[in-house]
Amino acid sequence: MIDTLPVPQNLLTDTWVAATWEEFLALSERPELEKARCYYDAGWMRIEAMPIGSAHGDRIIPFWRRL
């Protein structure tokens, strides 16, 4: 499939935005969004960017700390 839709400069992530099915497919198949979670429902899409870097590990509480 040839990607003919441009990628928005300020792509909103982690929120629902209005989009056509074609726009959703074009964005969800882009290599830079390979690790993102993409959803589509009745004319609305949501792309959840996955956290990167060491900061996302701060939310994990080691098992031994919970005891």
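Treat the numbers as computed from the prediction; the structure is a model and nothing was measured.
- A donor-acceptor pair under 3.5 Å links the side-chain atoms of E23 to the main chain of T20, judged by distance alone.
- Using a 4.5 Å cut-off between side-chain heavy atoms of Ile, Leu, Val, Met, Phe, Trp and Tyr, with links allowed through other members, W21 and I47 fall into the same hydrophobic cluster.
- Annotation: side chain to side chain donor-acceptor pair (under 3.5 Å) contacts involving residues 33-46, sequence neighbours excluded, comprise R46-E48.
- Taking the side chain as every heavy atom from C-beta outward, V17 and T15 approach each other to under 4.5 Å.
- At a threshold of 4.5 Å between non-hydrogen side-chain atoms, the residues L33 and L11 count as touching.
- Expressed to the nearest 0.5 Å, how far CZ of R30 lies from CG of L25 amounts to 13.0 Å.
- Closest heavy-atom contact between A36 and A49: CB-CA, 4.5 Å.
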